[in-house]
2 protein chains.
Amino acid sequence: MPGQHRWRKRFAGHVCRWTMPREAILKLLSQTTKHLSAKEIYSALLRSYPGIGLTTVYRTLDLLEKTGMIKKFNFRQGESRYEFASENKPHHHHLICTSCGKIIDYSDFADEELELVDKSAKHLAEKYKFLVQDHNIEFYGLCQQCQKD
Amino acid sequence: MPGQHRWRKRFAGHVCRWTMPREAILKLLSQTTKHLSAKEIYSALLRSYPGIGLTTVYRTLDLLEKTGMIKKFNFRQGESRYEFASENKPHHHHLICTSCGKIIDYSDFADEELELVDKSAKHLAEKYKFLVQDHNIEFYGLCQQCQKD
DNA sequence: CTGATAATGAAAATCATTTTCATTAAAAAT
DNA sequence: ATTTTTAATGAAAATGATTTTCATTATCAG
């Protein structure tokens with residue numbers, strides 16, 4: 001696969017130009033399982049792409065989110081965090097440690113969850129005439145390490 | 001019930017003084033079903049309590065959250081929103097319109113949800129040694145009005 | 001290869017929230 | 001009831017995340 005332009009076609013209709021920052025940010029996010037913030041992405045890229053601007057990171061993240069190539073999360077307050085959205089990555093949710101901020105992805109009980117979510121969405125659509133497009137489930141608590149402290 | 005000091009006892013152990021801003025903010029939140037932001041609370045109180053400071057609103061909201069008297073929510077980005085937490089108010093979740101920001105409380109399927117949540121929490125505790133303390137479920141989409149626009 | 005203009009980066013602006021600090025006011029002690 | 005202690009307040013400044021502005025640069029259509 002021609003790395004340089006692997007995602008290029010997905011940009012059709014959204015923007016015209018395939019640039020270095022866009023390639024770099026998408027590549028970085030596609031290669032990590034972490035939920036990076038804009039500033040973390042900026043710092044990580046400074047090595048391979050000195051001169052990149054934080055502004056561009058924000059703009060690119062917005063763009064990538066609009067195209068559906070990444071997902072944006074706002075856990076409690078603080079910075080937004082971003083994760084690569086791949087078709088072969090299963091739908092999942094997050095387990096967030098309120099002490100250290102550690103985030104664990106989980107997709108257990110996905111079937112049952114999906115069933116309940118579908119049923120709820122259908123019900124809510126009828127009751128409130130609300131068109132459900134997305135949902136979000138999060139668990140908050142303490143990770144193993146933080147339970148000891 | 002002596003309105004002025006209705007909630008006073010709940011402050012024992014947390015703070016020493018029961019003040020006008022605390023009474024005013026708690027009263028306002030207890031009387032609305034809306035999910036108000038700090039600034040909205042500040043604006044609403046300016047009428048009945050001119051001179052109140054936005055700083056105090058933030059500090060009081062933090063305090064009330066710590067005592068468990070209110071809950072804080074961060075829907076996607078923007079301001080945090082607060083809601084009065086009453087024992088007789090059922091556990092509920094939110095339906096958020098991504099276009100106009102309208103928020104609908106819902107508690108349908110609470111039993112099934114609770115069952116799934118409990119099961120998940122137990123499972124996650126075992127698998128990741130994670131101590132689940134809280135969870136959050138949200139649906140995003142378009143409200144009836146915004147579907148037309 | 002070249003021109004049109006989308007994308008960039010630096011700096012300034014914005015927005016929500018927090019901190020600082022001198023003043024005020026609960027409520028404990030007198 | 002009055003004084004004293006110190007927690008709580010409000011104004012202003014500081015912070016942190018994100019967005020906007022704008023002159024410059026670089027992509028890519030012709």
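In what follows, chains carry the letters A, B, and so on, assigned in the order in which the sequence lines appear, proteins first and then strands, with residues in each chain numbered from 1.
If you measure from atom CG of B/Leu26 to atom P of D/dA8, you get 15 Å, rounded to the nearest angstrom. As rounded to whole Å, 15 Å separates atom C1' of D/dT25 from atom CD1 of A/Ile52. Taking atom CG on B/Asp62 and atom P on D/dT9, their separation rounds to 12 Å, with Å as the unit. Taking atom CD on B/Glu65 and atom P on C/dT18, their separation rounds to 10 Å, with Å as the unit. Put simply, OH on A/Tyr42 is 16 Å from P on D/dG16, counting in whole angstrom units. Distance, B/Leu54 CG to C/dC15 C1': 11 Å, rounded to whole Å. Atom CG in B/Leu61 sits roughly 13 Å away from atom P in D/dG10 (whole-Å rounding). When rounded to the nearest whole Å, the span between CZ of B/Arg22 and P of D/dA7 equals 11 Å.
Put simply, B/Thr56 has no side-chain N or O that comes within less than 4.0 Å of OP1 or OP2 on D/dA8. Distances shown here put a side-chain N or O of A/Thr19 below 4.0 Å from the OP1 or OP2 atom of C/dT8. A/Tyr58 has a side-chain polar atom (N or O) that falls below the 4.0 Å cut-off from OP1 or OP2 of D/dT18.
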What do the steps show when you test B/Tyr106 against A/Leu124 for side-chain contact (heavy atoms from CB on, under 4.5 Å), and what is the final call? CA-CA 8 Å; B/Tyr106 71 90; A/Leu124 296 172; 3.9 Å; yes
Going through the checks in order, is the side-chain contact (heavy atoms from CB on, under 4.5 Å) test met by B/Tyr140 and A/Gln133? CA-CA 6 Å; B/Tyr140 289 94; A/Gln133 295 172 321; 5.8 Å; no
With side-chain contact (heavy atoms from CB on, under 4.5 Å) as the test, would you mind laying out the steps for A/Thr60 and A/Leu26 before giving the verdict? CA-CA 9 Å; A/Thr60 303; A/Leu26 201 46; over 6 Å; no
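Between the base of D/dA8 and the side chain of B/Arg17 there is no donor-acceptor pair shorter than 3.5 Å.
Taking every side-chain heavy atom of B/Thr55 into account, C/dT18 is the closest of D/dT18, C/dT17, C/dT18.
Counting heavy atoms from C-beta outward, B/Ile25 and B/Ile70 have side chains that stay 4.5 Å or more apart.
Nearest-nucleotide mapping onto DNA chain D: of A/Arg59 and A/Ser37, the residue sitting toward the 5' end is A/Ser37.
Counting non-hydrogen atoms under 4.0 angstrom, B/Tyr49 reaches the backbone sugars and phosphates but no base.
A donor-acceptor contact shorter than 3.5 Å is absent between the side chain of B/Ser99 and the backbone of B/Leu142.
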